[in-house]
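Both counts, for ligands and for their atoms, begin at 1 and track the order of listing.
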Amino acid sequence: MLNSCLFLGALLLLGFGEEAKSVAPKNQIRALFPDNFRWGFATASYQIEGGWDADGKGENIWDRFTHTPGNIADNSTGDVACDSYHNYARDVEMLKDIGADYYRFSLSWSRILPNGTLAVVSEAGIAYYNNLINLLIANNIEPMITLYHWDLPQPLQDIGGWPNEALIPHFENFARLAYQRFGDRVKLWITFNEAFVTCMHGYGYGKHAPGISGEDTEPYKCAHTILKSHARAYRMYYDEFFQAQNGRVGITIDSGWYAPLDPNNPSDVEAAERAVRFKHGWFAWPVFYGHYPDEMRIFVDKKSEEEGLDQSRLPEFDRYWETQVKGSWDFLGLNHYTTELCTYKVGEYSGWSQDQDVGFSRDPTWPESASDWLRSVPWGFGNLLRWIKRNYGNPLVYVTENGWSDSDAVGLEDDLRVEYYTNYTQSMLQAITEDRCDVRSYTAWSLMDNFEWARGYSERFGVHWVNFTDPARPRIPKKSAAFLKQLFADNGYPGPDVNSSAESKHWKILSFTYFILIKFMLG
Ligand code: GBH
C-alpha cells in the first residue's frame, strides 16, 4: 500500500513538474541589467529634421542626391521628413514619456556651416541645436551627439568628398566649433556614424549620396580619410577641451554578425572570421591597434599585386598617423542589426566586397523585416559582443543602434518589432550577465519613423508612427513604444526567475502530495 502511494506521489510530482516547466517563458532570461545601465533612442539629422533650406542652411550631398530623380525608391526626399526642425519639442516629449536616459541625434554640418567651412557660421543653425540640447537637459535627458551621420556639405563633395584627405582639417574645424558651442552641456560625442556605409554605399556601390561607383579603390581611401579625421577630432578634444569639459569621445562602427554556413567546414569558419574582420575590423582595428587587420592587409595586398598595381589598394598609416589613430576612443559605439552566413568564395572583381573571398547568404527560416538586408537573428548579437570582448580586450561598448523595420501596412500593432527588441535585448543581457561583456547602454533605432535613405519612407523603423502625408507630421506611439517604456523602467526583465518559480511550484506540489499520502495512510 505504502509503495503504491509513493509510486502515485512520484507520478504526480513528475507530471506537475513537467507542467511547471512548460508555463515558464521559453528561453527568456529573468534578470536585470547592471544598475548604471542606460537606455536611449537614436535619430539622424537628415532623416528627421527637414527644413532643408531653412534659415540659411546650406546644401548637403543628401539634398543634392534626393533632388536628383531616380535615386530614391519612392522618389521622396528629406526636405520635410519628420519636420523635427520645427517639432523638436514634441520629440523631447516622446523621449520623456518613454523614459529615455539619453538621446542620440546628429548635427547637420551644413545647417551650422552652410558652405562646410568656417567662412560662414550660421547662428540660426547653432540656435536650433542649443534649443534642443537645453530642452533635453531640462527634461533630464542626456544629449549624445553624432558629429557626422552622412550629410556632407555639398561644397566639400565638390572638392572630392571623403576619398580626398583635404577633408581632414575641414572636419576638425567643424568638430572644434561643435565642442566650443555645445561642449559645456554635451559630454558624449560620436565622431562618425557607420563610416562603412559612407564609404561603401556612397563611394563604392553608389546607392547612397554622393552616388559614386568605384568599388576598387575609393572606399578604401574614404575609410582612410575618415579614420584620420576621427583621430584628429579625438586628439583635439583632449588637447583643447577635455580639461574644461570632461566629456568622452568615441566612434560608432556598424557590424553584422558573420557565422559559418557550415560550422563543421573549416574554410567556412575561416570565411566567417575574415568577414567580421573585413567589416568591423576595417574601422575598429585601426582605432584599437593603429593598423588594418592582418587578414585585410594580406588579402588586399595580394590581390593588388596580382592586378599588376605597384601599390596596394589598401592604404597604410605612417608612423605619425598610426600613433594618432591608435587608441582614439573612450568608448566603442556599436550599431548592430542582423546576421549573415559565410562560405569561402573567390572574389569576382576588385573591391572590398570581393577582396575578402567570402560568399554571403541568409537562412530562409530567419524572420524577415521590410528591409531585404534585415532578418531577426538574436543570437548573432551576443556572439558579436563576445567577439568584440575577445578581440579588443573587453572595451566599454555603447550600443548606439539596434532596430527593426516594417512596412506602412503594419501600423501601430508592431508585434514583430516587439519580438525583435525582446529577443535582441535578451541576447545582449546574456552577454553582459553571463559573459561579462562591458556593454553600458542600449540605443533603439529609432524614436520615430523617418527617411530611410535610399528606401525613402517605404521602410519604417520607428517606435512612434509618423503620418508623412499630414503637414503637421503627427507621431503616435506603437506597441513597441509601450514595450520599451516598460523595459527601460524595469531595467530588464524582473520577476522570480524561471528556476525559482518552478522550484516554488515544486515545493507546493510536493507538500500537497505528502498531505494526500499521509491522509491515505491514516485512513
Ligand atoms: C543604420 O544603417 C543607419 O545608421 C541609420 O541611419 C539607418 O536608418 C538604420 O541603420 C536602418 O537602416 O538601400 O539597398 O542601399 C544600417 C546599415 C546600411 C542598412 C545601408 C541599409 C542600405 C541598403 N544600413 N543599407 S540599400
Side-chain angles (χ1 to χ4, degrees), residues 40-49 60-62 65-66 70-76 78 81-82 84 104-108 144-152 190-213 215 219 226 251-258 279-280 282-283 333-340 352-353 360 362 368-376 380-381 384 398-407 417 420-421 424 443-464 466:
F41 281 96
T43 62
S45 48
Y46 188 78
Q47 294 180 275
I48 64 160
E49 285 179 4
N60 65 42
I61 57 173
W62 276 93
F65 191 68
T66 58
N71 286 332
I72 309 299
D74 52 9
N75 276 315
S76 61
C82 307
S84 286
R104 174 179 179 239
F105 60 95
S106 79
L107 302 181
S108 162
M144 176 192 260
I145 287 187
T146 308
L147 290 170
Y148 186 80
H149 199 128
W150 308 353
D151 43 1
L152 186 72
I190 292 163
T191 54
F192 286 88
N193 176 71
E194 302 191 355
F196 172 85
V197 177
T198 296
C199 297
M200 278 311 294
H201 291 266
Y203 298 92
Y205 306 138
K207 292 277 177 69
H208 279 195
I212 289 167
S213 311
E215 209 196 306
I226 288 186
I251 184 169
T252 279
I253 297 169
D254 58 310
S255 186
W257 174 245
Y258 301 96
K279 182 76 190 264
H280 196 265
W282 185 6
F283 296 90
L334 175 68
N335 289 359
H336 174 75
Y337 286 86
T338 196
T339 288
E340 287 179 83
W352 176 88
S353 73
F360 296 93
R362 298 181 180 90
E368 288 176 64
S369 70
S371 311
D372 58 4
W373 56 273
L374 172 52
R375 302 273 186 131
S376 178
F381 192 15
L384 178 62
Y398 292 151
V399 175
T400 42
E401 278 180 37
N402 176 239
W404 180 255
S405 69
D406 52 25
S407 67
R417 180 171 290 105
Y420 179 92
Y421 277 131
Y424 271 68
T443 323
W445 182 273
S446 177
L447 178 61
M448 60 196 148
D449 299 331
N450 56 50
F451 179 77
E452 177 56 15
W453 307 111
R455 309 304 306 163
Y457 298 99
S458 66
E459 296 171 13
R460 291 173 178 263
F461 276 88
V463 305
H464 290 87
V466 178

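Between Ser369 and Leu374 the shortest heavy-atom distance is OG-O, 2.8 Å. The two atoms that bring Tyr148 and Thr198 nearest to each other are CE2-OG1, 3.9 Å, heavy atoms only. Residues Tyr46 and Trp62 approach most closely at OH-O, 3.5 Å, considering heavy atoms.
Atom-to-atom distance recorded for His149:NE2 and Arg104:CZ is 6.0 Å, nearest 0.5 angstrom. For the atom pair Ser106 OG and Glu49 CD, the distance stands at 6.5 Å (nearest 0.5 Å). Rounding to the nearest 0.5 Å gives a distance of 11.0 Å between CD1 of Ile253 and CD1 of Ile190.
The single protein non-hydrogen atom nearest to atom 23 (C) of ligand 1 is His201 CE1, 4.0 Å, given as residue, atom name and distance. Among protein heavy atoms, atom 17 (C) of ligand 1 sits closest to Glu194 OE1, 3.7 Å.
For ligand 1 and Arg455, the ligand atoms under 4.0 Å from any heavy atom of the residue are 13 (O). Every atom of ligand 1 is numbered from 1 in the order shown, and the set under 4.0 Å from a heavy atom of Ala454 is 13 (O). Ligand-side atoms of ligand 1 in range of Asn193: 4 (O), range being under 4.0 angstrom from any heavy atom.
In this structure, of Trp445, Tyr337, Trp453, the residue bringing a heavy atom nearest to atom 10 (O) of ligand 1 is Tyr337. Considering each of Glu452, Glu401, His336, Glu459, the one bringing a non-hydrogen atom nearest atom 3 (C) of ligand 1 is Glu401. Looking at Thr252, Val197, Thr43 and measuring to atom 18 (C) of ligand 1, the nearest heavy atom belongs to Val197.
Using 4.0 Å as the threshold, Tyr205 has no heavy atom nearer than that to any atom of ligand 1.
In terms of polar-atom proximity, Gln47 is counted as a contact of ligand 1, with an N or O under 3.5 Å from an N or O of the ligand.
Protein heavy atoms all stay at least 4.0 Å away from atom 26 (S) of ligand 1.
Side-chain contact annotation: Ser353 with Glu215, donor-acceptor N/O pair under 3.5 Å present.
With hydrogens and angles disregarded, a donor-acceptor distance shorter than 3.5 Å links the side chain of Thr338 to the backbone of Arg375.
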